[in-house]
There are 2 protein chains.
Amino acid sequence: MNNSEGIKCDCQVIHEEVVFKVRKKMPKEESLNQLADLFKVFGDSTRIRILWALSEAEMCVCDLAFLLNMTQSAISHQLRLLKQARLVKNRKEGKMVFYTLKDAHVKRIFKQGMIHSEEKKEKEQDYEKREKRNNSIKT
Amino acid sequence: MNNSEGIKCDCQVIHEEVVFKVRKKMPKEESLNQLADLFKVFGDSTRIRILWALSEAEMCVCDLAFLLNMTQSAISHQLRLLKQARLVKNRKEGKMVFYTLKDAHVKRIFKQGMIHSEEKKEKEQDYEKREKRNNSIKT
DNA sequence: TGAACACTTGAGCATTCATTCATATGATAT
DNA sequence: ATATCATATGAATGAATGCTCAAGTGTTCA
């Protein structure tokens, strides 16, 4: 067995077949890091709100600050991140800078997340009822 | 104008029409928070790798620890988060606990992210070339 | 030229969070 | 019972990160 990985693992491996099969198909580390970084950008409520707003209309920094009730500085900092992540682009007009979403992907990622998020909410009540007696692992 | 929002905004609002139109359509704060929280879970490379692995096969904690070359404890902590977020479920078998993805949404969210992430990479070279002279805002 | 405004940016601060370490739980086997 | 193994978990630590504050850039307008 190749021991170049799994060094930190403080237990015996049980299912080598599965593990090696999965490892073979594993995307490059860099790919998954990139993916995580993308989601990280979506993982903040300020940025989510900015993105949502921009999915509705082009807006300048001031507009966003007012809409979200935050300082213009805070918004600007976040827009910087969003731009680095290539999720938004901007256009200058006089003193103002207008931001829009960079492409349709953003909306699509959004939508997928929303679907999951809402389905979860719907099931919330049912779940609450069963929670105590019916955990997959008894607590 | 209703001043109950936009208090922190330290600048005059320029585009009231747009802002109010967007505000009217704005989802409930709670909805967007929930969405951000969902993406937050995806926004970590360890969790992404766990999710990816589980999208390929059911695995126990040890398997994951070995596959990802991390301590069993670290994996376990992350699995706890993933379970709380309802992204994975588990099944006990003797001493072992096997984890799988909870539903197909996870894969779909994944895929959308991957599409964006990879498209970005493809454009990387082009972008690099133009970067210096052709920014939407001159730096 | 200089005042006003939209925006950006760097430093500082407080909070969040991922991992580690030590320990606990719970199952199996001897 | 006791030892062992898989897993879980609480506390601690160091790193990452969001916001604020103060200062800077660049544009318009007088």
Side-chain angles (χ1 to χ4, degrees), chain A residues 6-15 19 33 36-37 39-50 58-85 88 90-99 135-139, chain B residues 6-15 19 33 36-37 39-50 58-85 88 90-99 135-139:
Chain A
I7 294 160
K8 280 195 171 185
C9 172
D10 44 356
C11 53
Q12 13 275 70
V13 187
I14 310 294
H15 311 91
V19 170
N33 285 347
D37 285 341
F39 285 125
K40 205 174 292 178
V41 179
F42 282 86
D44 172 83
S45 76
T46 298
R47 287 191 293 267
I48 279 280
R49 291 188 301 157
I50 291 175
E58 184 187 57
M59 297 178 97
C60 70
V61 181
C62 253
D63 293 342
L64 287 165
F66 181 80
L67 174 67
L68 305 180
N69 191 29
M70 298 186 66
T71 65
Q72 159 275 131
S73 175
I75 297 291
S76 185
H77 276 298
Q78 296 296 7
L79 284 169
R80 190 158 158 273
L81 289 184
L82 290 171
K83 204 185 164 195
Q84 278 171 2
V88 306
N90 56 15
R91 165 176 82 78
K92 205 163 183 181
E93 191 178 312
K95 287 184 276 201
M96 289 175 298
V97 181
F98 287 93
Y99 284 84
N135 268 341
S136 36
I137 294 189
K138 307 288 182 300
T139 41
Chain B
I7 293 161
K8 281 195 173 184
C9 170
D10 44 357
C11 53
Q12 12 275 67
V13 187
I14 311 291
H15 312 91
V19 171
N33 285 346
D37 286 342
F39 285 125
K40 204 172 294 178
V41 178
F42 283 86
D44 173 82
S45 77
T46 297
R47 287 190 295 268
I48 278 281
R49 290 188 302 158
I50 291 176
E58 183 186 59
M59 298 178 98
C60 71
V61 181
C62 253
D63 292 344
L64 287 165
F66 180 79
L67 174 67
L68 305 180
N69 191 29
M70 297 186 63
T71 65
Q72 164 272 320
S73 175
I75 298 291
S76 186
H77 277 297
Q78 295 296 5
L79 284 169
R80 190 158 158 272
L81 289 185
L82 291 171
K83 204 185 165 193
Q84 279 169 1
V88 306
N90 56 15
R91 166 176 82 76
K92 204 164 183 180
E93 191 178 313
K95 286 185 275 198
M96 290 174 295
V97 181
F98 288 92
Y99 284 83
N135 267 342
S136 33
I137 293 186
K138 308 289 181 300
T139 42

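Computation of the quantities below employed the complete heavy-atom set of this structure, encompassing side-chain atoms and omitting hydrogens, waters and symmetry-equivalent molecules.
- Rounded to an integer number of Å, the gap from CG of A/L68 to P of D/dT20 is 12 Å.
- Among all heavy-atom pairs drawn from A/D44 and B/A36, the shortest one is C-CB, 3.7 Å.
- No engagement by B/L79 is indicated, since no non-hydrogen atom pair under 4.0 Å with the nucleic acid exists.
- Computed from coordinates, the B/E93 CD to C/dT28 C1' distance equals 13 Å when rounded to whole Å.
- Residue B/Q72 places a side-chain atom within donor-acceptor reach of the base of D/dA8, judged by atom type and a 3.5 Å distance cut-off alone.
- Nearest heavy-atom pair across A/V19 and B/L67 is O-CD1, 3.9 Å.
- Atom CZ of B/F66 is separated from atom C1' of D/dT7 by 18 Å (rounded to the nearest Å).
- Interatomic distance, CG of A/N90 versus CG of A/L82, reported as 11.0 Å (0.5 Å rounding).
- Nucleotide C/dC7 holds its P atom 11 Å from the CG atom of A/N90, rounded to whole Å.
- Remark: B/C60 engages no residue in a disulfide bond (SG atoms under 2.5 Å apart) (not counting sequence neighbours).
- Between the side chain of A/R47 and the backbone N or O of A/L79, no donor-acceptor pair lies under 3.5 Å.
- A distance of 10.5 Å separates CG of A/L68 from CD of A/Q78, quoted to the nearest 0.5 Å.
- Atom-to-atom, CG of A/L64 to P of C/dC7 comes out at 9 Å; the value is rounded to the nearest Å.
- In this structure, the nucleotide among C/dA6, D/dA8, C/dT20 sitting nearest to the side chain of B/Q12 is C/dA6.
- For B/T71, whose side chain is taken as the heavy atoms from C-beta onward, the closest listed nucleotide among C/dC7, C/dT20, D/dT9 is C/dT20.
- In this structure, A/I14 reaches the sugar-phosphate backbone alone: every heavy-atom distance under 4.0 Å involves primed, P, OP1 or OP2 atoms, never a base.
- Regarding A/Y99, its OH atom lies at a distance of 8 Å from the P atom of C/dC7, rounded to whole Å.
- We find that CE of A/M96 is positioned 10 Å from P of D/dT28, with the value rounded to whole Å.
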Please list, for nucleotides 10-15 of chain C, all pairs of protein and nucleotide N/O atoms separated by less than 3.5 Å.
from	atom 1	to	atom 2	distance (Å)
C/dG10	O6	A/H77	NE2	2.7

| task | Given side chain to side chain contact (heavy atoms under 4.5 Å, CB included), test B/V41 with B/L81 step by step and report yes or no. | result | CA-CA 8 Å; B/V41 178; B/L81 289 185; 5.6 Å; no
What pairs of nitrogen or oxygen atoms, one from the protein and one from nucleotides 14-18 of chain D, lie under 3.5 Å apart?
from	atom 1	to	atom 2	distance (Å)
D/dG18	OP1	A/R47	NH1	3.1
D/dG18	OP1	A/R47	NH2	2.9
D/dG18	OP2	A/R47	NH1	3.2

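- Map A/A74 and B/V61 each onto its nearest nucleotide of DNA chain D; the residue landing nearer the 5' end is B/V61.
- Of the inter-residue distances, the one linking B/D63 atom CG with B/M96 atom CE reads 8.5 Å to the nearest 0.5 angstrom.
- The distance between atom CG of A/D37 and atom P of C/dA18, rounded to the nearest whole Å, is 13 Å.
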| said: Is there a side chain to side chain contact (heavy atoms under 4.5 Å, CB included) between B/R49 and B/M70? Walk through the geometry before answering. | reply: CA-CA 11 Å; B/R49 290 188 302 158; B/M70 297 186 63; 3.6 Å; yes
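- For the atom pair SG (A/C62) and CD1 (B/I14), the distance works out to 6.0 Å, reported to the nearest 0.5 Å.
- Comparing C/dG26, D/dT9, C/dC7 by their nearest atom to the side chain of B/K95 picks out C/dG26.
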